[in-house]
Amino acid sequence: MKKDDSTAVFPSEKKPSLGDEPDEARLGSGEIIDGLHRKLSNRQIQWIAIGGSIGTALFVSIGWGLVEGGPGSLFLGFAIYCAILATANSCMAEMSIFMPVVGGWVRMGSKWVDEAYGFMAGWNFFLYEAVLIPFEISALNLVLTYWRDDIPVAAVVAACIVLYAIINLFAVRAYGESEFWLASGKVILIFMLFCFTFVTMVGGNPKHDAYGFRYWKNPGSFAEYIHTGSLGRFEGFLGAYFQASFTCVGPEYVAMVAGESIYPRKTIKTAFKTMYFRFGIFFILGALCVGIILPYNDKTLNDLLNTEGTGTGASSPYVIAMKNMGISVLPDLTNALMVTSIFSAGNSYVYCATRSLYSLSLDGHAPRFLNKTTRNGVPIYCFCVTMVFPLLAFLSVGRSASEGVKWLANITQAAQLMDYIFMCTIYLFFYRALKAQGYDRNDLPYKGWGQPYVAILGIILFSTTLAIYGYTTFYAFDVGTFFTYYAMCFVCIILWVGFKVIKRSKFIKAEEADLVWERPQIDAYEASIDAPLGLWTDIWQTVTMRKSKRNVV
């Protein structure tokens, strides 16, 4: 006898009758839920997942990890951190595929943990995304100095703001399409750099020097940082590991687009499942390549980092290696693709910051007027508030932008680590609610591996990383530097305590957690449309300009 899946997913009295006609007043067309439109196709979702995870750090800032730790520490640091990040991905995948709602995990904290927790997590994520917008614009400005130094900083900042506005003010499909092509540039760039590494290391360079893994032997695999000896090499590893914690991202961006994908459960599931391969290919292999092409004591790299920071494209390890080998043209192409990569990252941050603020307004954690959306499903007032943050990039006019970039990077890194702690914590409450309400995890649309132990491990490891992230400040304690590293920790404590005191919110009991929420609407919507095109079929039809009648809602 065939098992009725609906009884497993909706136990006891909370089970809706899937055969009943959905409430039209509540569901509308099914395409519009919470004011936003489900318009992102399979290929757009997958490429947004790639685009959101690859930014400035992978091509430029990664040089800091090489200088501080050496190639061995850089490779180990990225491999270990990616393994830790996989714990958050496992948690986020199960929750987002089960409940692909607008705002993703930001709203799950309020529904399943505590309103104060959702308030704190939501504002932390919004500030993290919003502050990264001027960070990327400042980085873009300095990367352009690779070609000439007299490019007006203010003009570049203004151009970025205008372009971000044009892309994000149209329907979400316009954002998805722009990110598809911009992220394609990122994919081309990173695989071009992988090919460059392999070809040159086996002798395919103007000097015909098959250098292989030479730099792992001389000057060595593990650099000393701050101190000498074993302690210095361990500190070098920590430097590379912390660089990985700033570079490697991904699960949060997939969760954020779940509420606007055409066929959320199938496309979001694919994006989360392939995230592990992205960690291995883009981040771990990328770190390996950087350690192969350049020694950690390279004079040019060290001089540029010590004088200009990582803002200029000339400080990219790849560009420096190309110049060291006497390769022409390729450095210019690499830098040009880095420009599009950085612009794409900023574009993603505008989108995520706007949607996270909108989700806060839906739950009453931000002013209600922010609920306003355009006919195309764009949260117009949330977008206007978000676009205040790019104006911070004007601070780089008339002063060294690299200092501002470094400062913003330190501030946002703590917020990023806390995001993953929040995700894993929310999952534990979600897991507890499933168990208390009689849900069988084997019948969920996606079941994360090793739970709940993976979530517990993630909380421990992310918390440890956050605690020791600014350890260097204690060698010569400076209050300003300390707060640069840990400011967001104190901000989150203030947000949580303040909400608890004012609103008197309580932790949600496992048996009372709302596990139905928007599932009836989402189920009815998915049942009313065709399954999405396969990824490569979707891409092929886009490239060849062939239109498909499928997925037209």
Side-chain angles (χ1 to χ4, degrees), residues 33-42 44-55 85 88-89 91-111 118 121-133 136 164 167-168 172-173 175-176 178-180 182-183 249-262 264-265 267-272 275 278 344-363 365-366 370 373 377-379 382-383 385-386 412 415-416 418-420 422-423 426-427 518 522:
I33 295 180
D34 286 325
L36 302 186
H37 295 191
R38 292 193 179 276
K39 293 290 187 180
L40 295 176
S41 68
N42 192 12
Q44 291 170 341
I45 291 292
Q46 308 312 320
W47 255 238
I48 286 172
I50 293 174
S53 61
I54 301 176
L85 189 55
N89 190 71
C91 296
M92 202 64 256
E94 184 172 322
M95 293 189 295
S96 289
I97 297 167
F98 175 78
M99 194 75 71
V101 295
V102 172
W105 64 277
V106 169
R107 297 178 67 199
M108 294 172 186
S110 297
K111 285 286 185 179
W123 279 104
N124 177 76
F125 185 66
F126 168 72
L127 291 173
Y128 159 59
E129 292 293 318
V131 168
L132 279 176
I133 303 170
E136 293 294 339
Y164 289 154
I167 293 172
N168 285 272
V172 68
R173 182 177 290 170
Y175 164 77
S178 67
E179 274 305 292
F180 173 77
L182 288 170
V249 294
E252 61 270 48
Y253 297 102
V254 178
M256 194 54 59
V257 298
E260 294 178 89
S261 58
I262 290 177
R265 293 210 177 90
T267 55
I268 295 301
K269 180 189 288 189
T270 302
F272 274 116
M275 188 67 69
R278 294 186 183 113
S344 170
N347 192 37
S348 295
Y349 299 143
V350 171
Y351 171 86
C352 287
T354 301
R355 267 51 180 188
S356 59
L357 184 59
Y358 180 69
S359 67
L360 283 167
S361 71
L362 289 177
D363 290 337
H365 298 160
L370 296 174
T373 59
V378 176
C382 291
F383 170 77
V385 172
T386 298
T412 56
Q416 180 175 311
M418 285 189 289
D419 285 336
Y420 298 133
F422 296 153
M423 290 178 192
I426 293 170
Y427 179 83
E518 293 183 357
I522 297 169

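Only heavy atoms go into these numbers, but all of them, side chains included; no hydrogens, no water, no symmetry mates.
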So how far is it from [X] [atom1] to [Y] [atom2], rounded to the nearest 0.5 Å?
| X | Y | atom1 | atom2 | value |
| --- | --- | --- | --- | --- |
| Glu260 | Arg38 | CD | CZ | 8.5 Å |
| Glu129 | Tyr349 | CD | OH | 6.5 Å |
| Ile426 | Lys111 | CD1 | NZ | 13.5 Å |
| Leu182 | Ile167 | CG | CD1 | 6.5 Å |
| Tyr175 | Gln44 | OH | CD | 10.0 Å |

message: Let's go through Ser344 and Glu179 carefully: what are the C-alpha distance in whole Å and the side-chain angles of both, what is the deciding distance for side chain to side chain donor-acceptor pair (under 3.5 Å) to 0.1 Å, and is it a yes or a no?
response: CA-CA 7 Å; Ser344 170; Glu179 274 305 292; 3.0 Å; yes

State, to 0.1 Å, how close [X] and [Y] come at their nearest heavy-atom pair, and which atoms those are.
| X | Y | answer |
| --- | --- | --- |
| Tyr164 | Asn347 | CE2-N, 3.4 Å |
| Gly346 | Ile133 | O-CG1, 4.4 Å |
| Gly176 | Leu40 | CA-CD2, 3.7 Å |
| Cys352 | Met256 | SG-CG, 4.0 Å |
| Arg278 | Ala49 | NH1-CB, 3.5 Å |
| Thr386 | Phe126 | OG1-CE1, 3.8 Å |

- prompt: Run the side chain to side chain contact (heavy atoms under 4.5 Å, CB included) check on Val385 and Leu370 step by step: do they pass?
  reply: CA-CA 9 Å; Val385 172; Leu370 296 174; 4.1 Å; yes

Counting only N and O atoms by type, is there a donor-acceptor contact under 3.5 Å from the side chain of [X] to the main-chain atoms of [Y]?
| X | Y | result |
| --- | --- | --- |
| Asn89 | Phe272 | yes |
| Trp123 | His365 | yes |
| Glu252 | Gly250 | yes |
| Gln46 | Thr267 | yes |
| Arg265 | Ser96 | no |
| Arg355 | Val350 | no |

Using side-chain heavy atoms (C-beta onward) and a distance below 4.5 Å, is [X] in contact with [Y]?
| X | Y | value |
| --- | --- | --- |
| Glu518 | Arg107 | yes |
| Ser41 | Trp47 | no |
| Leu362 | Val102 | yes |
| Pro379 | Leu357 | no |
| Phe180 | Ile48 | no |
| Val257 | Tyr351 | yes |

- request: Could you check Asn168 against Val378 for side chain to side chain contact (heavy atoms under 4.5 Å, CB included), going step by step and ending with a plain yes or no?
  value: CA-CA 8 Å; Asn168 285 272; Val378 176; 6.0 Å; no

field: Exercise: do Gln416 and Tyr128 side chains pair donor with acceptor under 3.5 Å
entry: yes

- request: Kindly indicate, with the supporting measurements, whether the criterion side chain to side chain contact (heavy atoms under 4.5 Å, CB included) is fulfilled by Met275 and Tyr253.
  value: CA-CA 11 Å; Met275 188 67 69; Tyr253 297 102; over 6 Å; no

- prompt: Is there a side chain to side chain contact (heavy atoms under 4.5 Å, CB included) between Met418 and Phe422 once you walk through the steps?
  reply: CA-CA 6 Å; Met418 285 189 289; Phe422 296 153; 4.1 Å; yes

- request: Could you tell me if the ring centre of Trp105 sits under 6.0 Å from that of Phe125?
  value: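 Yes, they do, as the ring centres are separated by less than 6.0 Å.
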
